[in-house]
Amino acid sequence: MDLANYLREHLHLCCCATALFLAAAACPYLVPKPAVKPLQNSFLFVAFPLVGVSAALDAITDIAGGKVNIHVLMALAAFASIFMGNALEGGLLLAMFNLAHIAEEFFTSRSMVDVKELKENYPDSALVLNLDDDNLPNVSNLSYRSVPVHDVEVGSYILVGTGEAVPVDCEVFHGSATITIEHLTGEIKPLEAKVGDRVPGGARNLDGRMIVKVLKTWKESTLSRIVQLTEEAQLNKPKLQRWLDEFGERYSKVVVVLSVAIAVLGPFLFKWPFFSTAVCRGSVYRALGLMVAASPCALAVAPLAYATAVSACARKGILLKGGQVLDALASCHTVAFDKTGTLTTGGLQFKAIEPIYGHFVGNQKTNFTSCCIPTCEVEALAVAAAMEKGTTHPIGRAVVDHSIGKDLPSVSVESFEYFPGRGLIATLNGDESGAKGGNMLKASLGSVEFITSLCKSEDESRKIRAAVDASSYGNGFVHAALSVNEKVTLIHLEDRPRSGVLDVISELKDQAKLRVMMLTGDHKSSAWRVANAVGINEVYCSLKPEDKLNHVKRISRDMGGGLIMVGEGINDAPALAAATVGIVLAHRASATATAVADVLLLRDNISGVPFSIAKARQTTSLVKQNVALALTCIILASLPSVLGFLPLWLTVLLHEGGTLLVCLNSIRALNDPSWSWRQDLLLLLSKLKSKLPLLRHDTSSSTIQTAPL
């Protein structure tokens, strides 16, 4: 029998039993002396089965499984007390123990993310629209069918009405609605979803009607991932909790041995009687007191702060892959950020396309002048868009978005090779400047360093770099270079820092006292432009994925502390995996980055980074307090019990009181964290200061109202 389930389902029985035991204890003071004993026996006869049966069954089950835990210790103490003639104390022991564990269950449930509540937002099915001949829904005459949510395919169109939940991650195709994602990310303010906006699975439609296009299957959607990661986080125990679980069983066996030793050796060493007398408590009674007082119940719940902190983070839209991530975060001294899509919006804007090397002017070939053939820029854009079609990289998306709606020559990609973090090479078939009759062309697109590394000679590489430096658009933009048949075209894009990033970096440097740096694959001028805007003084640029990985390893080794890596792209995955803690923006992160990361930020900003670090430091502090509090309560209850100063029921009260104190202290992890106790004190003083004028105003108002005429 599971005691926790029994307690939840039979709370009223525990309360009735406790009331009967207390009534039995009060009999000597309320009824005539001849009636005391019969009345007490009647109360005990009714009360014991209510709590004693479950305790006995739990103890037998645990002993049969080779376990000696708090349930076994309490059952032994209670039934031994009854055997010695102290039935009332034994009954009170079980009743208070059960009530204390009901309270413990309540606090534990408060500390956990309610996965059941999240699952209630699961829609069972979706209204999938039937498509016309163009594979698009007929908006004027909608026809649909109900499909189980697990069978909804990517590319399908779904109708979502008022009050319904969006079943999977989608993009609004038609219509608009007001949605809420508070249960997913903690974002209280309702959001307006219009055509082109992405909507996470689980979002609830408050008002409006919209047709959405499915972007991800059920298993890959936001709500499903939240539930999966939350359940995994509750199963992944931190190191301290695993150690306490192993220690608890050994410790319980030691407590039993010590209790038996006190019961047997007490009369010989300290001249105590075996059984209690009117003058002195017996050694068996003292041993039972030790068995109760020294049981590891409070120690067992000391790691409850981890689960509470994981829950608090989840309510802020921050998913941790287990409590061990909090320990790792608290140990870190350095945080490294990727640039594009992390510190910046990642929504690059296409600014210009500039032929810089190898283009024709008339019949002459020149290296440094802009192309004079009007179609050359257009054809270069067509080639770049064809190579980047279907990409998720910010540069590729910007190129493809800019090409939409433009009259571009037809270009098809015959073969394709991708180099993560550097660029790509493709074989093209189409009408390209300088090619006759649709010849097969070799094209490469990527960073300037990637293009120059493919040059046949050092002289050609040097000339291309000189052409880039001499660009009429300067070096402040994000650059991508396109090379087709030795003709190089420079693509200029602009990336803007995210709003609020400056405050996040300032908090990490000034409050958290962390070393902050940027690791990016972009060139020096673009990297420093963003770094100066957000307040980062340490920048490593032009890095390939393996370079980021080596920097993370080297910095972790040289600094002697942990490193946090914050990124979102597939090229960040090696560094995220090697870092002490990897943090990704879930909305933008690639599947690889999500798989290796330790923390997922569901909101599309990095404000969750300082919150996670502060929460980790708060949690580790609370766990240390819990362990100290548990050990103190065990010592304070054990010594007086062995010395015979405390009755058994009071020992139980002290022991369970210590357990409840640990639970209450753990619940503090639900509060927003601060960086220091001084900050807490200043915040409290500022609140009191703000309330003083109101108190004075209320006092003066009441004085005026009561003044005599």
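Closest approach of Phe611 and Pro673 over heavy atoms only: CE1-CD, 3.4 Å. A pairwise comparison of heavy atoms in Ala309 and Ala669 identifies N-CB, 4.0 Å as the closest pair. Shortest non-hydrogen contact noted between Ala302 and Asn626 is O-ND2, 2.9 Å. Trp218 and Val149 get closest at one heavy-atom pair: CB-O, 3.7 Å.
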Passes side chain to side chain contact (heavy atoms under 4.5 Å, CB included), Ser483 versus Leu454? Steps please.
CA-CA 10 Å; Ser483 175; Leu454 302 175; over 6 Å; no

List the steps, then state whether side chain to side chain contact (heavy atoms under 4.5 Å, CB included) holds for Leu428 with Met387.
CA-CA 9 Å; Leu428 305 169; Met387 294 175 71; 4.1 Å; yes

Evaluation steps, salt bridge (charged side-chain N to carboxylate O under 4.0 Å, His left out), between Glu546 and Lys553
CA-CA 11 Å; Glu546 57 268 29; Lys553 289 181 177 179; over 6 Å; no

Side chain to side chain contact (heavy atoms under 4.5 Å, CB included) evaluation trace for His492 with Ser471
CA-CA 10 Å; His492 300 275; Ser471 169; 3.3 Å; yes

Before you tell me yes or no, could you show the steps for Val534 and Arg498 under side chain to side chain contact (heavy atoms under 4.5 Å, CB included), namely the whole-Å CA-CA distance, both residues' side-chain angles and the distance that decides it to 0.1 Å?
CA-CA 9 Å; Val534 301; Arg498 291 176 177 273; over 6 Å; no

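The ring pair (Phe, Tyr, Trp, His ring centres under 6.0 Å) search around His402 returns Phe350, not counting sequence neighbours. Remark: Trp528 engages no residue in a side chain to side chain donor-acceptor pair (under 3.5 Å) (not counting sequence neighbours).
Between Ile491 atom CD1 and Ile395 atom CD1 the span is 8.5 Å, to the nearest 0.5 Å. Note that NZ of Lys548 and CG of Leu576 are 8.5 Å apart. Values are rounded to the nearest 0.5 Å. Taking CG from Leu191 and CD1 from Ile179, the interatomic distance works out to 5.5 Å, rounded to the nearest 0.5 Å. One distance of note links CZ of Arg496 with OG1 of Thr345; it measures 7.5 Å at 0.5 Å rounding.
Looking at heavy atoms from C-beta onward, Asp327 lies in side-chain contact with Thr620 at the 4.5 angstrom threshold. A heavy-atom distance below 4.5 Å is found between the side chains of Arg515 and Ile555. Residues Ile613 and Cys332 have side chains not in contact (no heavy-atom distance under 4.5 Å, counting atoms from C-beta outward). Using a 4.5 Å cut-off on side-chain heavy atoms (C-beta onward), Ser311 and Leu670 make contact. In this structure the side chain of Tyr357 never reaches within 4.5 angstrom of the side chain of Ile451, judged on heavy atoms. Within the 4.5 Å cutoff, the side chain of Val552 has heavy atoms near those of the Leu519 side chain. In this structure the side chain of Val168 reaches within 4.5 angstrom of the side chain of Cys170, judged on heavy atoms. Looking only at side-chain heavy atoms (C-beta outward), Ile505 and Leu343 come within less than 4.5 Å of each other.
Ion pairing between a basic and an acidic side chain is recognised when a charged N comes within 4.0 Å of a carboxylate O; Asp558 and Arg554 show such pairing. The existence of a salt bridge linking Lys463 and Asp459 is confirmed by a sub-4.0 Å separation between a basic side-chain nitrogen and an acidic carboxylate oxygen.
If you check the side chains of Arg465 and Ser461, you find a donor sitting under 3.5 Å from an acceptor.
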Which pairs would a plain distance check flag for residues 441-450, meaning a side-chain donor or acceptor within less than 3.5 Å of a matching protein atom at least two apart in sequence or in another chain?
{"from": "Ser447", "atom 1": "OG", "to": "Phe450", "atom 2": "N", "distance (Å)": "3.1"}

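Counted within 6.0 Å of CZ on Arg198, heavy atoms from surrounding residues, nucleotides or ligands total 12 or fewer; the atom is thus considered open.
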